[in-house]
Amino acid sequence: MRYSKAFLPTVKEAPKDATMPSHVLLLRAGYARMVGAGLYEMLPLGLRVLHKVSDIVRAEMDAAGAQEVLMPALLPADYFKETDRWDGFGDTLFRLQDRRGQPYHLGPTHEEIFTDLVRREVKSYRQLPLNLYQIQAKYRDEPRPRGGLLRGREFLMKDAYSFDASEEGALASYESMRDAYHRIFSRLGLTYRVVRADSGAMGGSTSAEFQVLTQTGEDALVACAACEYAANAEIAEARAPGSSDAPDPATLEPVGTVATPNVKTIDEVVEFIGGDLTAARTLKSLVYALDDEVVLVVVRGDRAVNETRLARHLGVPAVVLASDATVERAFGALPGSVGPVGFSGRIVADLEVPFVVNAVAGANEADHHYTNVNYGRDFQAELASIRQVVGGDACPSCGEPLEAYRGIEGGHIFILGTRYSQQMGATFLDEVGEAQPAIMGCYGIGISRLMASAVEQHHDADGICWPMPIAPYHVIVSPVGKDDAVAAAAEDVYRALTEAGIEALLDDRDERPGVKFKDADLIGIPLRVTLGKRGLAEGTAELKGRTEAQAQAVPLEDLAATLRDRVVTDGGRLRL
RNA sequence: CGGGGCGUAGCGCAGUUUGGUAGCGCGCACGGUUCGGGACCGUGAGGUCGGAGGUUCAAAUCCUCUCGCCCCGACCA
């Protein structure tokens, strides 16, 4: 492509609405334009990237035995009504009517339509397993679109649906997709983790999220640097202190009482008592109200309670802090003065609590705290892993420090079971002629979201730094200076690269070198070949990787071969 | 949906408090000088000030209503 002919509008200043790096850069570098909240136009460069991502996804899906189809985006309401999602999806569903007043919607996800197709066409176990997918726009009227292409109201998604005759088959389909996803995310050049998440209301079934690690993602994660452990912070746990850390009984001091007027928070306690007291040597006591009882929850003073884990431990959907009145009734003191010592009700303590020696805790009396409180001697509790994990905590699987990340959910796979097939009557006849509902799985990848995720992960102060496999072009050829010989040499190079199957962008604009370099960096093409009259006199061009500081001189006659090797090594695909 | 903020030239902004002929930078067009990291000089085009209604001799500015967008939160296959 010749830059002079390309529809490639770069801008110096970002629209003020854009805050995320990917949003700013994709707009500035001429990949996309916004037309409304969560609605984007894909310009030529952006579409090239989407195609590259799609091609990789398609190749790996096909290799895993899935078959591509294309379903309508505009769908009659009947299907969602069959599974109660017409109401269940709520305001997120884009609803519309045709001229006769018949209700339709734009597909936010396509379980029903695929299930319908299969129930009409699949009659026998001999036709299973079957895995169908599509790459298509999805529509969701999000309460709040944000982050540019990261959460739009229209977005490009690959969704696949597997149908199996048995549980084992469904698991095999799921595992095959999981393996394919690993290959896809690796090939895309993304740093990612497979993460267990709270399955929430959908509940119970096997699922995994493929999270692209970034500083700006919507989900908080922890991931181990040393092993494969990674989890959504909502459900993550840390390795509990070992028995070798157990307190020496000889060091336990007798319990004392201190007057702590108007001292409520842990920070205030630490400051008021002073000395060598730290928050880690206090106990934080929180009171949660269940239907028929109150539960005292104790964590180390510098920790936060993970309410998702607490709710799981208690076997309830969600937990709510008790009101001041409830707390006073149960403890004779208000929050800020409550503690486990002397409380006869249910106490749940985090696994770290037994290792806090001679702790300060609320005395269940206004304006008083106990000192030298020790678990076991002074109170007992159910022990459970209920604290919020933070970066630096020990990995539950290998003990090495966990790192805190934010992640962008780029893919999600799960086994659906028979929810849809049962409700919609998608059955097949098994070996003995009995009708059985197909066991389903579904597997999504946010194509346009991954494009933005890649930018979140691969950019610097000057612009985007595309991984080679999804870069819109492999190489940008930048002749500098007004010399005719340079321009001619650039044409030769461009032709040679194109013939070698390398996707090259020739910056043949009549612009100053600084402008060309700034645009090249902004656009983020992985390799740049600079031609100038100095190098030309020696028969060389400069080759510089987007993320490299130094350029290297390459003889012109070696250029095509050198670039070919480099493109292929970096995961690019030659167009031959 | 709750809280906050913003709509003025293609983009980024000033002007609104205190009503009085709509400005700046970038970009764009033309001419000239420049040419290895977003050059410089000159000339010029471009805006119903988000929309509707009202107050006033006069509204970007004051009042009412409305639409849109962004951020935080709630929500989220």
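In the text below, chain A, chain B and the rest are named by the order of the sequence lines, each starting its count at 1. It should be emphasised that the depicted structure is a prediction, and the values quoted were computed from it without experimental measurement.
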Between [options], spot the one nearest the side chain of [X], thanks.
| X | options | answer |
| --- | --- | --- |
| A:Lys12 | B:A77, B:G27, B:C69 | B:G27 |
| A:Asp521 | B:C70, B:C35, B:G37 | B:G37 |
| A:Arg153 | B:A77, B:C76, B:C69 | B:C69 |
| A:Arg85 | B:G36, B:C70, B:A77 | B:A77 |

Close aromatic pair by centroid cut-off 6.0 Å: A:Tyr139 and A:His105: no
Residue whose closest nucleotide on RNA chain B lies nearer the 5' end, A:Thr10 versus A:Arg151: A:Thr10
Which residue lies more 5' along RNA chain B, comparing A:Glu542 with A:Ala18 via nearest heavy atoms: A:Glu542
Complement of B:G7, any strand, by Watson-Crick or G-U distances under 3.5 angstrom: B:C67
Test item: side-chain donor near acceptor, A:Tyr443 and A:Ser162, under 3.5 Å: yes
Side-chain H-bond candidate by donor/acceptor type, A:Tyr192 with A:Gln457, under 3.5 Å: no
NA contact type, [X], heavy-atom cut-off 4.0 Å: base, sugar-phosphate, or nothing?
| X | value |
| --- | --- |
| A:Met20 | nothing |
| A:Arg33 | nothing |
| A:Lys16 | sugar-phosphate |
| A:Asp519 | base |
| A:Pro143 | base |

Roughly how many Å apart are [M] and [N], using the [atom1] atom of each and rounding to a whole number?
| N | M | atom1 | value |
| --- | --- | --- | --- |
| B:G50 | B:G44 | C1' | 29 Å |
| B:A39 | B:C49 | P | 35 Å |
| B:A29 | B:G37 | C1' | 26 Å |

Under 4.0 angstrom between A:Thr92 side-chain N/O and B:C76 OP1 or OP2: no
Any A:Lys516 side-chain N or O less than 4.0 Å from OP1/OP2 of B:G36: no
Parallel, tilted or perpendicular: rings of A:His182 and A:Phe210 (30°, 60°): perpendicular
Aromatic plane relationship, A:His110 with A:Phe114 - under 30° parallel, 30 to 60° tilted, over 60° perpendicular: tilted
Please state how far atom [atom1] in [X] lies from atom [atom2] in [N], giving the value in whole angstrom units.
| X | N | atom1 | atom2 | answer |
| --- | --- | --- | --- | --- |
| A:Leu149 | B:C70 | CG | P | 12 Å |
| A:Arg534 | B:G36 | CZ | P | 8 Å |
| A:Phe155 | B:C76 | CZ | P | 16 Å |
| A:Phe517 | B:C35 | CZ | P | 15 Å |

Cation over ring face, A:Arg153 and A:Phe94, 6.0 Å, 45°: no
Should the side chain of [X] and the base of [N] be counted as holding a donor-acceptor pair, with the cut-off at 3.5 Å?
| X | N | answer |
| --- | --- | --- |
| A:Glu13 | B:G25 | yes |
| A:Arg144 | B:G3 | no |
| A:Arg528 | B:G37 | yes |

